[in-house]
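Worksheet: the structure to be examined is printed underneath.
Per chain, numbering begins at 1; letters A, B, ... match sequence-line order.
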Number of protein chains: 2
Amino acid sequence: MEIPPVVIDRLPLYTRALSSLQTEGRDVVSSQELGTRLGVTPAQIRKDLSYFGRFGKQGRGYNVQKLLDELHRILGLDRQWRMALVGVGKLGRAILGYEGFSPQGFRIVEAFDASPDRIGQRINSLIVKDTRDLENVLSKAPVDVGIVAVPAEFAQDVIDTLVKCGVRGILNYAPIAAHVPDGVHLKRIEPVLALQSMTYYLKSSPRPTITAARG
Amino acid sequence: MEIPPVVIDRLPLYTRALSSLQTEGRDVVSSQELGTRLGVTPAQIRKDLSYFGRFGKQGRGYNVQKLLDELHRILGLDRQWRMALVGVGKLGRAILGYEGFSPQGFRIVEAFDASPDRIGQRINSLIVKDTRDLENVLSKAPVDVGIVAVPAEFAQDVIDTLVKCGVRGILNYAPIAAHVPDGVHLKRIEPVLALQSMTYYLKSSPRPTITAARG
DNA sequence: AAGGGTTTGTGCTCACAATTACAAACTTCG
DNA sequence: CGAAGTTTGTAATTGTGAGCACAAACCCTT
Ligand SMILES: NC(=O)c1ccc[n+]([C@@H]2O[C@H](COP(=O)([O-])OP(=O)(O)OC[C@H]3O[C@@H](n4cnc5c(N)ncnc54)[C@H](O)[C@@H]3O)[C@@H](O)[C@H]2O)c1
Ligand SMILES: NC(=O)c1ccc[n+]([C@@H]2O[C@H](COP(=O)([O-])OP(=O)(O)OC[C@H]3O[C@@H](n4cnc5c(N)ncnc54)[C@H](O)[C@@H]3O)[C@@H](O)[C@H]2O)c1
C-alpha cells in the first residue's frame, strides 16, 4: 500500500506533540486533544494513524508511550542518522551549533567548506574539512543525509557530489530548484519563498491600527 | 474567486525561475521550459497563471519581464516589507546576516532579544533592543512580519506579543505548533520535521555501496 | 452487571487539485 | 502568403485527500 506523502509529513508533528505529553507525565491522549494542540481535526489524526495499524483503544484514546514508539518505528526514528554539512558560513555555523538535531537522533558527523579560512577550523569538536575531499571522506564513512548550506550558485554541484557519494537524503537551504535522481529524497528549507507567498495574503488586508501600548 | 493556497505557494517558485531567465537575458519562455527547470508540469503552470489572467501568447510563450511584473503585483512583491526579528542567538544572527531577504524587498528593521548580553549590541547597523520594549517600539514604527528565533518555550509568548502589536505575518523557526488568531498568517521553518519525514523513505531502501572514489 | 458516556476505526461523500486533451492563436519558414 | 509547427488557455476528466457520521468497543460509575 502506498501512503500519501502528506500523511508522512504530518506524522512528525504527532511525535512532537506526544513527546510533550510524555514530558507532562500523561499516559493517554485522545485524537480530540491531540488535534486541538496541533490545529488538526481529530478525524484526520485517526485516519492518518489507521494507515499503519490500530493503535488506540475505543472509549479511552491512545497510550502516549506506545503510540510514540510506533511512530518512531514507522518513521525510522528508532536509530541514529549520520549527516554531513556542506557550507560552514553564517547559516552553517548556526546549524552546527543547533541542539535540536541530536535529541531526535540526527548527528552531524562531518562538515565541509571550500574556503581556506574555514578549512581546518574546529567548531563544536568537529574539524571543517575541504570540500574537495568530500568523496574520499564519505566513501570511508558514509552518511545518510547531506545538509547543503552553500551559496546558490554552488548548490547543485554540491548536491550532485553528495549523490555520487551515495547520500540518499538532502536537506537543501540554498534558494534553487535542485534536481536529484530517483531514489534520492530532497527537502527544501526556504524562508524567502515562505515570505513571498505570505505577502499575497498580507497585501490585501490593511495594517491594523494599534491600540496604544502605554504603561 | 478563492485561489487555492497550493497555487499561491507555487507562484514564488515561478518568480525565482523568471528572475534567473531574466539574468540570462531571455525575453520569452514557454511553460514547457519553465516546467522542466522547476520540476513542475507545463499544464500546472498554465493553470496556475490562468487564475489571474492571460499573460502568455500562443505559439510563443510568456514574456519574461511582463510575467515577472505581473507575479510581483499579484504576490504583493512590488513594495517593501518591514520585518522584526525576535531572538538574536546563533540562528538569529545568521538571519540578520542573510543577504537573501533585501533583494526581494524584505527588510529587517528591528531586532529584539531578552538577554542583557545581546541587548545594545550592534549587528549590521542594527541595535538589538530589549524584548520588553517590543510593544513600545512597534507601536511607533509598525512592521508587517515578525521573525521568531527564540527557544521553543518562549516562542508562543513572543508570537502573542507580536500579534498584539498588529503584526499579521509570522515566520516561526521555533519547533512548536504555534497558535495565531484568524487574520494572522503563520509560516513555519522546520528542518527537524523535514528530516523526520524524510527518514520514512530512507529507512526502507538500503544504503548503496559506493563505487570507490579513487583518483 | 447494566447503562451512560467516550473514543476509535472506517466506509462514504464531497470538494478540490492535477492531468489530459484540444481548439484557437500565434510564429516561422519556405 | 500558406502550411507546418508551437504554445496557450481551458473544458472535461481523473485522482486524491479531507471531513462526516456511525457502529463497535471500551471505560466508569453506581
Ligand atoms: N543565513 C540564513 O539565514 C539563510 C537563510 C536561508 C537560506 N540561506 C542560504 O544558505 C546558504 C548559505 O548562506 P550563508 O548566509 O551561510 O552564506 P555564507 O556566505 O555565510 O556561507 C556560505 C559558505 O559556503 C562556503 N562554500 C562556498 N562554495 C562552497 C563549496 N563548493 N563547497 C563547500 N562550501 C562552499 C563558503 O566558503 C562559505 O563559508 C545560501 O545559499 C543562502 O541563500 C541562508
Ligand atoms: N540554529 C539552528 O539552525 C536552528 C534551526 C532550526 C530551528 N532553530 C530554532 O530557532 C530558535 C533559536 O535557535 P538558536 O540556535 O539561535 O538558539 P540560541 O539559544 O542560540 O538563541 C536564542 C536567543 O533567543 C533569546 N531569547 C530567549 N528568550 C527570549 C525572549 N522571550 N525574547 C527575545 N529573545 C529571547 C536568547 O537570549 C538567545 O539569544 C530555537 O527555537 C531553535 O529550536 C534553530
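Look at B:K187 and A:E190 and you find no salt bridge, because none of the NZ, NE, NH1 or NH2 atoms lies under 4.0 Å from a carboxylate O. Note on A:D78 versus A:R73: no salt bridge recorded, every NZ/NE/NH1/NH2 to OD/OE distance being 4.0 Å or above.
As rounded to whole Å, 14 Å separates atom P of D:dA18 from atom CD1 of A:I3. When rounded to the nearest whole Å, the span between CD of A:Q32 and C1' of C:dG5 equals 14 Å.
A heavy-atom distance below 4.0 Å to DNA chain D is reached by none of the residues of residues 18-30 of chain A. A heavy-atom distance below 4.0 Å to DNA chain C is reached by these residues of residues 38-76 of chain A, ordered by number: A:R46, A:K47, A:S50, A:R54, A:F55, A:G56, A:K57, A:Q58, A:G59, A:R60, A:G61, A:Y62.
Residue contacts shown for B:V6 are limited to sugar-phosphate atoms, with no base heavy atom under 4.0 Å away.
At a threshold of 4.5 Å between non-hydrogen side-chain atoms, the residues B:L38 and B:Y14 count as touching. Between A:N124 and A:Y98, the closest side-chain pair of non-hydrogen atoms is not below 4.5 Å. At a threshold of 4.5 Å between non-hydrogen side-chain atoms, the residues A:W81 and A:V143 do not count as touching.
Atom NZ of A:K57 has 12 or fewer neighbouring heavy atoms from other residues, nucleotides or ligands inside a 6.0 Å radius.
Residues passing the side chain to side chain donor-acceptor pair (under 3.5 Å) test with B:D113, sequence neighbours excluded: none.
A cation-pi contact, defined as under 6.0 Å to the ring centre and within 45° of the axis, is absent between B:K203 and B:Y201.
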